Amino acid sequence: MEAVESGSDGASRSQRRVGILYDERMCRHHTPDDEPHPENPNRIRAIWNKLQAAGITQRCEVLNAKEAEDKYILSVHGKSHVDLIRNISSKQFNSRRNRIASKFNSIYLNEGSSEAAYLAAGSVIEVAKRVAKGELDSAFAIVRPPGHHAEHDEAMGFCLYNNVAIATNFLLNEKELGINKILIVDWDVHHGNGTQKTFWKDPRVLFFSVHRHEFGSFYPASDDGDYTMIGEGPGAGYNINVPWENGRCGDADYLAVWDHILIPVAKQFNPDMILISAGFDAAVGDPLGGCRVTPYGYAMMLKKLMDFARGKIVLALEGGYNLTSISNSALACMEVLLDDKTVRQELKAFWSVLADELATKLTSQKAPIPQILISSSDSEAEDVEELLQDVIRPLSTLRVDEDHHVLAESASVSWRSDLSKIDIWYATFGSNMWNPRFLCYIEGGQVDGMQKPCSGSMDKSPPKEILWKTFPHRLFFGRESTRTWGLGGVAFLHPESKNEDIVHMCLYKITLEQFNDVLLQENVSSYDMSSPLFDLTSLDCSKEKKSINLEAVKNGWYHNVVYLGMEQDIPILAMTCNMSDIENFKSGKVPLRAPSEDYANTLIRGLVEGGQLSEEEAMSYIKDAATKPL
């Protein structure tokens, strides 16, 4: 197979020879009836289109995809598994393909799955071989389905074959390539369990994975990703896991891990080549990851690795389910691989300062990081592109604790400290009436029925007290759908009181600092939290005016903080829409909609477990709120 060079001539490309591989045939793997799914063909299309639009493909050697041979796949997977994946798309499996898929963990199969799986594995082999031979300096394989969860005899987590593991064994077994030690860096937000198990006893492979773990509760939900899992026998010490026990981790966290763990170990290991399981689901805005790595963060992580193995690096796409985030992150990484210094080269004869070499050690450079809490609220998410553009802040202003968790900007430390001493009652009327659901906003995570996790608050202390009260306000349901609950309306509180109305509310005694973090998550805002959304002045104003609209989150659905009185000399606050929104609901400009079954059941559980209503009464209460004219 010959590479196809894009671009008019070699001079138009940077000096580094970078390969890129994409094949539309991998898009033939999709859900059987084209049902929505996070791992879908648009993932690789979006990346390819972004790179084309940015002129990246014209500066690279565009490679043709190639199906893997069974003998290479069998170095990682068992024969029965290979036989199944090879044949699963054939007509003989048409009647039982879905049933077979259902036996696996998070897997779908269709008529294009076999071809896509073989192309994905073969494509990573192809680019790795080209880099190992020195024909390319580095390369990016834009492949799907992803691979790092696939184990010896099991497909799982959207993965059919373990593409990176197969390519790694290929490189090690082809002795003429001269590749004897390989560093695998898995920065996908999920642990690469399949890759870890493949090289558990192999000292030729240093496997490094940084991932959300949540004490074993985050997918793939096992102890495999724990930091104590270090390898066995001759491979002891060659398996390194850095588990995040919460979401919201971003650039500062990852770069601290790079500088204090990965880079020192990589120096001593001195790999001949580096393969990156490049999942971009730890990126800002990813619906599954709940972290906040920026494209700049990915670029810096990759740049730090370019100092090793003479820059012989292969990236293979793993996860990443927000099309904007994965496209921007992939673009940032390609720009690092190309390492384009042509502008400096052209001008250095005129400007002596440009003759100096750029710093290769990046530990002291500023890394922008979003100071946001990735939300799982009942309101619509703003476009991620806006998040990426609006919330970047300098890393130099951040403080990182000994566990590499971002604490806050120096400017925000003061207000957080001040407001952490003030208690308020947060009055809830929707899904937050169920205590486990509300704790998602404090501790992070999700409950049954939610389609994406919450990031949690900076202060994860549980409520100091919980009580129930009724208020003379109207409960109703509106909006078409949400990212958290899918189709169906969500709860709103009419901001004005009427004696004939009654609403049951669960009150949580939390700090005003925590209330600010919940406000941010409820409104999915790009506000940077260098100052509070709702401070003591706002509190006084709400007491006087009975409610206050927050300009900073005006595009959110719950931007109106309503003061409901005092309890134990502590103010009671709720968040809902404002009167202008009420008029939009009445006119039909914004739809009134009954809640989904999952969402309604969460309210019912809150009311029943809170001892307010029986299940039958709770169902009637919600039905009345959903059907009564506003």
Side-chain angles (χ1 to χ4, degrees), residues 21-32 34-35 37-44 65-90 92-94 96-128 141-170 184 186 188 190-198 219-220 275 277-279 281 288 316-321:
L21 190 150
Y22 168 83
D23 195 305
E24 184 70 18
R25 288 177 292 171
M26 284 181 272
C27 295
R28 296 174 186 169
H29 169 65
H30 52 77
T31 51
D34 286 323
E35 309 98 312
H37 194 280
E39 204 298 284
N40 63 72
N42 288 330
R43 296 175 59 243
I44 60 174
K66 187 176 182 180
E67 292 192 11
E69 297 179 43
D70 280 352
K71 64 180 180 180
Y72 300 133
I73 299 174
L74 287 165
S75 72
V76 171
H77 298 288
K79 187 176 185 302
S80 61
H81 180 68
V82 173
D83 288 344
L84 175 65
I85 300 303
R86 184 197 312 114
N87 298 311
I88 195 64
S89 295
S90 61
Q92 69 187 75
F93 281 90
N94 282 352
R96 50 199 174 106
R97 190 179 299 121
N98 289 350
R99 187 170 68 253
I100 292 171
S102 68
K103 295 179 180 180
F104 294 111
N105 184 343
S106 302
I107 289 294
Y108 63 76
L109 299 164
N110 77 327
E111 295 84 351
S113 298
S114 296
E115 182 183 35
Y118 273 84
L119 285 169
S123 295
V124 181
I125 291 175
E126 183 65 21
V127 298
I142 308 170
V143 297
R144 63 177 294 274
H148 69 150
H149 292 309
E151 299 187 352
H152 181 70
D153 282 311
E154 185 175 3
M156 63 180 291
F158 313 157
C159 304
L160 302 183
Y161 285 148
N162 195 316
N163 308 318
V164 167
I166 293 167
T168 298
N169 268 345
F170 171 85
I184 299 177
D186 189 332
D188 189 282
H190 302 95
H191 179 241
N193 55 290
T195 312
Q196 171 173 296
K197 291 180 179 180
T198 302
Y219 194 90
L275 271 65
S277 276
D281 43 5
L288 301 186
L317 183 66
E318 297 283 3
Y321 308 101

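Values below: every heavy atom of this structure, side chains too, minus hydrogens, waters and symmetry copies. Everything numeric in this text was worked out from a predicted model, so none of it was measured.
Ser113 meets the side chain to side chain donor-acceptor pair (under 3.5 Å) test with His29, Asn110; sequence neighbours excluded.
For the residue pair Tyr108 and Asn98, no side-chain donor N or O sits within less than 3.5 Å of a side-chain acceptor on the partner. Between the side chains of Asn87 and Ser114, no donor-acceptor pair is found at a separation under 3.5 Å. Side chains of Arg97 and Asn94: a donor on one and an acceptor on the other come within 3.5 Å. Counted by atom type alone, Ser277 and Glu318 present one or more donor-acceptor pairs between their side chains at under 3.5 Å. The closest side-chain donor-acceptor pair between His190 and Asp281 falls under 3.5 angstrom.
Considering only heavy atoms from C-beta on, Met156 stays 4.5 Å or farther from Ser106 through its side chain. The closest side-chain heavy-atom distance from Val76 to His152 is not below 4.5 Å. Looking only at side-chain heavy atoms (C-beta outward), Ser123 and Lys66 stay at 4.5 Å or farther from each other. Residues Cys159 and Pro145 fail the side-chain proximity criterion, which asks for heavy atoms closer than 4.5 Å. At a threshold of 4.5 Å between non-hydrogen side-chain atoms, the residues His77 and Asn162 count as touching. At least one side-chain heavy atom of Ile44 sits under 4.5 Å from a side-chain heavy atom of Leu317. Counting heavy atoms from C-beta outward, Phe104 and Leu160 have side chains that stay 4.5 Å or more apart. In this structure, Asn193 and Gln196 have side chains that are not in contact, with every pair of non-hydrogen atoms separated by 4.5 Å or more.
Within the structure, the salt bridge (charged side-chain N to carboxylate O under 4.0 Å, His left out) test picks out the following pairs touching residues 150-170 (sequence neighbours left out): Glu151-Lys197. Sorted by first and then second residue, the salt bridge (charged side-chain N to carboxylate O under 4.0 Å, His left out) pairs involving residues 156-168 (not counting sequence neighbours) form an empty list.
From Ile184, atom CD1 reaches atom CG of Asp186 across 8.5 Å, with rounding to the nearest 0.5 Å. One finds the CG atom of Leu275 at 10.0 Å from the OG1 atom of Thr195 (value rounded to the nearest 0.5 Å). Atom OG in Ser89 sits 8.5 Å away from atom CD in Glu115 (nearest 0.5 Å). Here Arg86 contributes atom CZ and Asp70 contributes atom CG; the two are 4.5 Å apart, rounded to the nearest 0.5 Å. Atom CD1 in Ile100 sits 6.0 Å away from atom CG in Leu84 (nearest 0.5 Å). From Lys79, atom NZ reaches atom NE2 of His81 across 13.5 Å, with rounding to the nearest 0.5 Å.
Closest approach of Gly319 and Asp188 over heavy atoms only: N-OD2, 2.9 Å. Scanning both residues, Ala120 and Arg144, for their nearest heavy atoms gives CB-O, 3.7 Å. In plain terms, the two heavy atoms of Gly157 and Ile107 that are nearest each other are N-CD1, 4.3 Å. In terms of heavy-atom proximity, Met26 sits nearest to Ile142 at CE-O, 3.8 Å. Closest heavy-atom contact between Tyr161 and Ile85: OH-CB, 3.3 Å. Taking both residues in full, the closest heavy atoms of Leu119 and Ala65 are given as CD2-CB, 4.0 Å, listed atom of the first, atom of the second, then distance.
Judged by the 6.0 Å distance and 45° axis criteria, Arg96 is positioned over the aromatic ring of Phe93.
Of the possible donor and acceptor atoms, none in the side chain of His30 sits under 3.5 Å from a partner among the backbone N and O of Pro41.
If you look at Phe158 and Tyr321, their ring centroids are closer than 6.0 Å. For an aromatic pair to be called close, the ring centres must be under 6.0 Å apart, and Tyr219 with His191 fails this.
Ion pairing of Glu111 with Arg28 is absent here, as no side-chain N (NZ or NE/NH1/NH2) approaches a carboxylate O to less than 4.0 Å.
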